[in-house]
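To start, the structure under review is shown below, and the notes come after it.
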Amino acid sequence: MAAGVGQWEILASTFQAAFAHSERDIPIDKWCEQNVVLPSAIAEHGRVNLAPSRYLVRPLLRMQDAKTREINIAAPTRGGKTLTADLFYAWSIKNRPVPYLHVFQNDTIAKDHARNRIWPMLDGMEWYQDYQPLVHTHRQIQSGVHRHGMPFLFTGPAVNKLQSKGFATVVCDEPWLYKAGVLDEARGRLADYARQGQDKFICIAQAGNAVCDDWIRQFRSAPMFEWWAPCDACGDMMRLSWSGVGNSGEKCGITYEATKDAQTGTRNVEEARHSARFTCPHCGHNHRDTQAVRRRWNNKGGYYHIDDSGVVIPETDFTGRKISFRFNSLINTSFADLAGEWVEAQNHFLLLGDENPRIKFIQKRLAENPEEVDELNDAPRVTVTGTQIKDGLPSWDDAHRLAMSIDCQLDHYWIWVEAVNKTGTQTMVLYADRVGSLPEVKELQKDFGVEWSMVGKDISDKRTTRLRDIARMGEIVNGRLQCWFGMAGQEGAREAWTHYNPKLKQSVMRPYNIQRGDPSMGMHRSNPEFEFFKRRGVPFVEWSNTTFKTELHRRYQSSKEGKEMLFHPSINTQLVEQHFSAEYRVKERNRHVWKIRGRRPNHLWDCGAMSCALLSISGCLTIGQGVGDSEA
């Protein structure tokens, strides 16, 4: 009897400790500093101290907050993002004892992490002895059940290991390396607890070069808050970005001077290292490369978000259920090291044509998607509003008709506006830049006065989704839908279409085909938008990539001599040149095709080709001026 009573006392004390509410009210960062000891496998081992890494505190507090259900963290390599999940796991054992799942990029890493970090961390904390599994079968390396009944699993992203299991907390580590569908499969393990409002979905990763779009879509599904810090001179909060254009029009972010070699185009790495500094976008103050500067940024910084209307929102004022955090290496790494690494990557590309080093820099140092950042081009962008350019449009007396093309990306849109003269022999590019939302695109259309039938939006991927976007942005005029044209570039055999010409009374071959698409396709009748889309046929054009890109390339080469294609003075021609050089023409199977160079951005190139197609289809632009009959 005495042994039985002793066992009941142990179980009772364990149960009371597990469900005690007193410690739940302590902020998780303070609780971790008081209760967690990190093992020697972690560089900053010993008692937890988050003071030098305050950018980790707010994500941890969001994990503790019951109202925040999804947390996404994009951070550089060795930025402490996995540490936040480990600390939250330790806190959960004592304060939130619900089923816990941590999915790693593969099973080997999951096993090593559990064996070298998780178990040494738990065994090194005195309070955890009351939560040790009762029997050895409940303590496997990667799975088990704590004494108070909290199951846990550390595993790779194999789908068969995620099925038939339910968890209240799911952590996805480096989901950019997962195969398509695994992220959604992991989220599906929360279903039972999501109905009860007890779910917690956490994604932590670097950025870019994704095997699939699941991680990018997940990260951008919530408002993104980035780490900002006050300027030492003006005191205004500044985004710690690698590069940009400040209020004065000068380059801001990390700036440096490095001599350029006249023959190879490479720059001096040591000069870049010694001159590296951070320039404030507001006042132009240069922050020196010192630990004191980074310490002030750490102590006084915070997370901020810029909404669609341009309003800056502090993270502490945000009350949504989903949130994304991002910080980069500027907060904890020497400017000299970053500048030297970047210039070396640039030199490597110039000498060998290999973009991988600078792509890795953007991904692992800046925690940004290499396909969507301007640092890959290393070209400053000057954004000008449509109204500002519209005032200069009448200065080109030959302007007759305008065309506008739109290339859709994950979170922004590239815009190209081009005017043509009456004879169709010369055009002027009026706008070549990007905007953040479709309403801004529509505002540009209004500013320039572009007709609905002369606006084309790329629908090459996700065709039905893009057609629905076009229908939503349209307007009903006299009972008819006025909307943009969808533009679907075609390659291979589908680059010429047969049309019957009633005037010639014979069939002719054309490099385009006009159709109407149904945006309600694949939509269930119960969807509130079904009736709207059902009655709205959206026109779209299938156009030949080879034909119109070849014509655009010829006209762009003529523009360098001041012929055929002109550019408004506000256009950043350096940015246009870099996008236009992203593809090259080769001959395959007795026909010419256009190939992309590595992973270079080619968005303005695609926009220019769509504009060329729109103008020629409308009869405003004459194709093939000054070329031989065979090439025409």
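Only this structure's heavy atoms are used, side chains among them; waters, hydrogens and symmetry mates stay out.
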To check you understand the geometry: which heavy-atom pair defines the closest contact between Leu60 and Thr84, and what is its length?
CD2-O, 3.5 Å
Okay, side chain of Lys360, backbone of Ala345: is any donor-acceptor separation there less than 3.5 Å?
no
For atom CZ of Arg472, is the number of surrounding heavy atoms from other residues, nucleotides or ligands below 6.0 Å larger than 12?
yes
Check: His113 ring centre within less than 6.0 Å of Phe104 ring centre:
yes
Check the orientation of Phe278 and Phe335. Use parallel for under 30°, tilted for 30 to 60°, and perpendicular for over 60°.
tilted
Rounded distance (nearest 0.5 Å) linking atom OG of Ser221 with atom CD of Glu70
6.0 Å
Is the backbone of Val293 close enough, under 3.5 Å, to the side chain of Thr290 for a donor and an acceptor to pair up by distance?
yes
Ser405 versus Trp414: any side-chain heavy-atom pair under 4.5 Å?
no
Tyr303/Glu226 under side chain to side chain contact (heavy atoms under 4.5 Å, CB included): CA gap, chis, key distance, verdict:
CA-CA 5 Å; Tyr303 285 101; Glu226 295 182 286; 5.5 Å; no
Check: Gln206 main-chain N/O paired with Trp215 side-chain donor or acceptor under 3.5 Å:
yes
Salt bridge (charged side-chain N to carboxylate O under 4.0 Å, His left out) between Glu174 and Lys81, intermediate numbers included:
CA-CA 10 Å; Glu174 305 295 356; Lys81 51 188 182 294; 3.8 Å; yes
To the nearest 0.5 Å, tell me how far Thr465 OG1 sits from Ile459 CD1.
11.0 Å
So do the side chains of Trp416 and Leu604 get within less than 4.5 Å of each other, counting heavy atoms only?
yes
Apply the test side chain to side chain contact (heavy atoms under 4.5 Å, CB included) to residues Asp112 and Arg117: give CA-CA distance (whole Å), side-chain angles for both, the deciding distance (0.1 Å), then the verdict.
CA-CA 8 Å; Asp112 290 344; Arg117 288 184 55 164; over 6 Å; no
Could you tell me whether the side chain of Arg466 reaches within less than 4.5 Å of the side chain of Arg463, counting heavy atoms only?
no
Please tell me whether Phe167 and Tyr100 form a close aromatic pair, meaning their ring centres lie under 6.0 Å apart.
no
Taking the side chain as every heavy atom from C-beta outward, state whether Ile202 and Val170 have any atom pair closer than 4.5 Å.
no
Please find the pair of heavy atoms, one from Gly320 and one from Thr68, that lie closest to each other, and give the distance.
O-OG1, 4.2 Å
Do Asn602 and His579 pair up side chain to side chain, a donor and an acceptor below 3.5 Å, judged on atom types alone?
no
Check step by step if side chain to side chain contact (heavy atoms under 4.5 Å, CB included) holds for Leu101 and Arg189.
CA-CA 9 Å; Leu101 169 67; Arg189 303 307 95 210; 4.3 Å; yes
At what distance, to the nearest 0.5 angstrom, does CE of Met487 lie from OG of Ser611?
9.0 Å
How close do Ala272 and Val343 get, heavy atom to heavy atom, and via which atoms?
CB-CG2, 3.6 Å
Set of residues satisfying ring-ring contact (aromatic ring centres under 6.0 Å, His included) with respect to Tyr55, sequence neighbours excluded
Phe327
I'd like to know if the side chain of Arg187 and the backbone of Leu183 have a donor-acceptor N/O pair within less than 3.5 Å.
no
Stepwise side chain to side chain contact (heavy atoms under 4.5 Å, CB included) check, Met404 with Leu444:
CA-CA 9 Å; Met404 180 177 180; Leu444 276 176; 3.9 Å; yes
Closer than 3.5 angstrom, by distance alone: can the side chain of Thr255 be matched with the main-chain N or O of Cys252 as a donor-acceptor pair?
no
Do other residues, nucleotides or ligands put more than 12 heavy atoms under 6.0 Å from the CZ atom of Arg288?
no
Heavy-atom check, side chain of Phe325 versus side chain of Arg62, under 4.5 Å
yes
Lys322, NZ: over 12 other non-hydrogen atoms inside 6.0 angstrom:
yes
State which residues pass ring-ring contact (aromatic ring centres under 6.0 Å, His included) with Phe225; sequence neighbours excluded, sorted by chain then number.
His305, Phe318
What distance do Phe448 atom CZ and Ile415 atom CD1 have between them, rounded to the nearest 0.5 Å?
10.0 Å
Specify the closest pair of heavy atoms between Gln218 and Asn72, including all atoms of both residues, with the distance to one decimal.
NE2-OD1, 2.9 Å
In this structure, which one of Arg96, Gln198, Lys200 forms a side-chain hydrogen bond (donor to acceptor under 3.5 Å, both in side chains) with Thr169?
Arg96
Side chain of Ser581, backbone of Gln578: donor and acceptor closer than 3.5 Å?
yes
Taking the side chain as every heavy atom from C-beta outward, state whether Phe201 and Arg69 have any atom pair closer than 4.5 Å.
no
Search all heavy atoms of Pro314 against all heavy atoms of Tyr304 and return the closest pair with its distance.
CA-CD2, 3.7 Å
Evaluation steps, salt bridge (charged side-chain N to carboxylate O under 4.0 Å, His left out), between Lys442 and Asp447:
CA-CA 9 Å; Lys442 193 173 181 180; Asp447 287 343; over 6 Å; no
With distance as the sole test, does Asn35 use its side chain to make a donor-acceptor pair with the main-chain N or O of Trp31 at under 3.5 Å?
yes
Nearest heavy-atom pair of Leu38 and Met121: which atoms, and what distance?
CD2-SD, 4.2 Å
Rounded to the nearest 0.5 Å, what separation is found between the CD atom of Glu33 and the CD1 atom of Ile28?
11.5 Å
Check whether Asn328 reaches the backbone of Leu240 with its side chain - one donor and one acceptor, N or O, closer than 3.5 Å.
yes
Residues in ring-ring contact (aromatic ring centres under 6.0 Å, His included) contact with Phe152, at least two apart in sequence or another chain:
Trp119, His146
Output, in order, the C-alpha distance, side-chain angles, deciding distance and verdict of salt bridge (charged side-chain N to carboxylate O under 4.0 Å, His left out) for Asp337 and Arg273.
CA-CA 7 Å; Asp337 292 343; Arg273 288 179 54 86; 3.1 Å; yes
Test salt bridge (charged side-chain N to carboxylate O under 4.0 Å, His left out) on Arg597 and Glu583; report intermediate values, then the result.
CA-CA 6 Å; Arg597 288 186 171 94; Glu583 293 190 15; over 6 Å; no
When you compare the side chains of Trp342 and Glu344, does any donor N or O come within less than 3.5 Å of an acceptor on the partner?
no
Testing the 3.5 Å rule here: is there a donor-acceptor pair between the side chains of Asp173 and His102?
yes
His282 (side chain) donor-acceptor with Met237 (main chain) under 3.5 angstrom
yes
Just by distance, do the side chain of Lys300 and the backbone of Ala229 share a donor-acceptor pair under 3.5 Å?
no
Is there a side-chain contact between Met238 and Cys280 in this structure, where contact means two heavy atoms from C-beta onward sitting under 4.5 Å apart?
yes
Knowing that exactly one of Asn299, Asp289, Thr333 qualifies, which makes a side-chain hydrogen bond (donor to acceptor under 3.5 Å, both in side chains) with Arg294?
Asp289
Mind checking whether Asp317 and Glu315 have side chains closer than 4.5 Å, heavy atoms only?
no
